[in-house]
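Worksheet: the structure to be examined is printed underneath.
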Amino acid sequence: MRKKTFSLLALSLGLILAACAGTQIERNSVPGLDINGKKLWILVDEQKAYTEYTNKLDSLWNVYGQKNNLEIEYRKNEALALEPVSPKTLMGECQDSYLLQTTVSGKSQTTQYDASTGMIVGNSSEVEYTSIMYDCNNGKVVWKAVLKTTGMNLWAQSELVKGIIKDFHENSILKEEK
């Protein structure tokens, strides 16, 4: 009975650790970047293999935009779009603003094993998003990040948007917050 309880405890702990493995962001930006008072155009490129990781990003961006006094213009390239919108095309529309292009750049399964029992105690998905922000006035890249997170699709989407907004605040790219 004690061994069974220990195994269940190990299984529970493994599942909790797998779900909370965290979010990592690797980023870079030009010095002094400030998007306060500017509109942020969001372009999401959906890929057929990862549609569940991009299908509700518009509502998340709108919520976080309102919370942070950031005007959002959202566009999405469907996975099977006949004429997808390119960042270059949007540059003409987004003058005096910034364009943030996001795509799912990878997904992998991770599995943990309990060394004492040799059993699988949990598995989770790690999804990787790549986001590039352009200055619409000159088309130059001003911010780039690769964000890796684990968990289900809705969790990953939320972590993406929260991670970007958090980075904007931590690096004084976005100063206002409600």
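- Between Leu43 and Val85 the shortest heavy-atom distance is CD2-O, 3.8 Å.
- Residue Thr102 comes nearest to Tyr129 through the heavy atom pair CG2-CD2, 4.0 Å, listed as atom of the first residue, atom of the second, then distance.
- The CD1 atom of Ile25 sits 7.5 Å away from the OG atom of Ser131 when rounded to the nearest 0.5 Å.
- Side chain of Asn62 to backbone of Asp58: a donor-acceptor contact under 3.5 angstrom is found.
- Grouping the Ile, Leu, Val, Met, Phe, Trp and Tyr side chains by contacts below 4.5 angstrom, directly or via other members, places Leu90 apart from Val44.
- Between Met133 and Leu40, some side-chain heavy-atom pair lies under the 4.5 Å cut-off.
- Here Arg27 does not pair with Glu170 in a salt bridge; the nearest charged N to carboxylate O distance is not below 4.0 Å.
- The cluster map of Ile, Leu, Val, Met, Phe, Trp and Tyr, joined by side-chain heavy atoms under 4.5 Å apart, puts Ile42 and Val146 in different clusters.
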Evaluate side chain to side chain contact (heavy atoms under 4.5 Å, CB included) for Leu160 paired with Thr149, printing each intermediate quantity in order.
CA-CA 8 Å; Leu160 168 70; Thr149 189; over 6 Å; no
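- Leu60 and Val127 end up in the same hydrophobic cluster when Ile, Leu, Val, Met, Phe, Trp and Tyr side chains are linked at under 4.5 Å.
- More than 12 heavy atoms of other residues, nucleotides or ligands sit less than 6.0 Å from atom NZ of Lys39.
- With sequence neighbours left out, the salt bridge (Lys or Arg N to Asp or Glu O under 4.0 Å) criterion links Lys76 to Glu46.
- Annotation: the span from Ile165 atom CD1 to Leu70 atom CG amounts to 5.5 Å, rounded to 0.5 Å.
- Sorted by first and then second residue, the ring pair (Phe, Tyr, Trp, His ring centres under 6.0 Å) pairs involving residues 60-101 (not counting sequence neighbours) form an empty list.
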Show, in sequence, the C-alpha distance, side-chain angles and deciding distance for Thr130 and Lys144, and conclude whether the side chain to side chain contact (heavy atoms under 4.5 Å, CB included) test is met.
CA-CA 8 Å; Thr130 300; Lys144 182 177 180 179; 4.3 Å; yes
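- The closest side-chain donor-acceptor pair between Trp143 and Asn171, if any, does not fall under 3.5 angstrom.
- Crowding of Glu26 atom CD: a count of heavy atoms from other residues, nucleotides or ligands under 6.0 Å not exceeding 12.
- Nearest approach of Thr54 to Gln157, heavy atoms of both residues: N-NE2, 3.7 Å.
- In this structure, the separation between CD1 on Ile164 and NE2 on His169 is 12.5 Å, given to the nearest 0.5 Å.
- In terms of hydrophobic clustering, with Ile, Leu, Val, Met, Phe, Trp and Tyr side chains grouped at heavy-atom distances under 4.5 Å, Leu100 and Tyr134 are assigned to different clusters.
- Atom-to-atom distance recorded for Ser97:OG and Asn137:CG is 8.0 Å, nearest 0.5 angstrom.
- A salt bridge is absent between Glu126 and Lys148: the closest approach of a Lys/Arg side-chain nitrogen to an acidic carboxylate oxygen does not fall below 4.0 angstrom.
- Smallest separation of non-hydrogen atoms from Asn153 and Tyr53: CA-CE2, 3.5 Å.
- Under the 3.5 Å distance criterion, the side-chain polar atoms of Gln47 are left unmatched by any main-chain donor or acceptor of Thr103.
- For the pair Ile173 and Asn36, the tightest heavy-atom approach, listed with the atom from each and the gap, is O-ND2, 3.9 Å.
- Closest non-hydrogen pair, Ala79 versus Thr51, comes out as CB-CG2, 4.4 Å.
- The CG atom of Leu99 sits 5.0 Å away from the CE atom of Met91 when rounded to the nearest 0.5 Å.
- In the hydrophobic cluster analysis, where Ile, Leu, Val, Met, Phe, Trp and Tyr join through side-chain heavy atoms closer than 4.5 angstrom, Trp41 is grouped together with Val141.
- The distance from the CD atom of Glu159 to the NZ atom of Lys166 is 9.0 Å, given to the nearest 0.5 Å.
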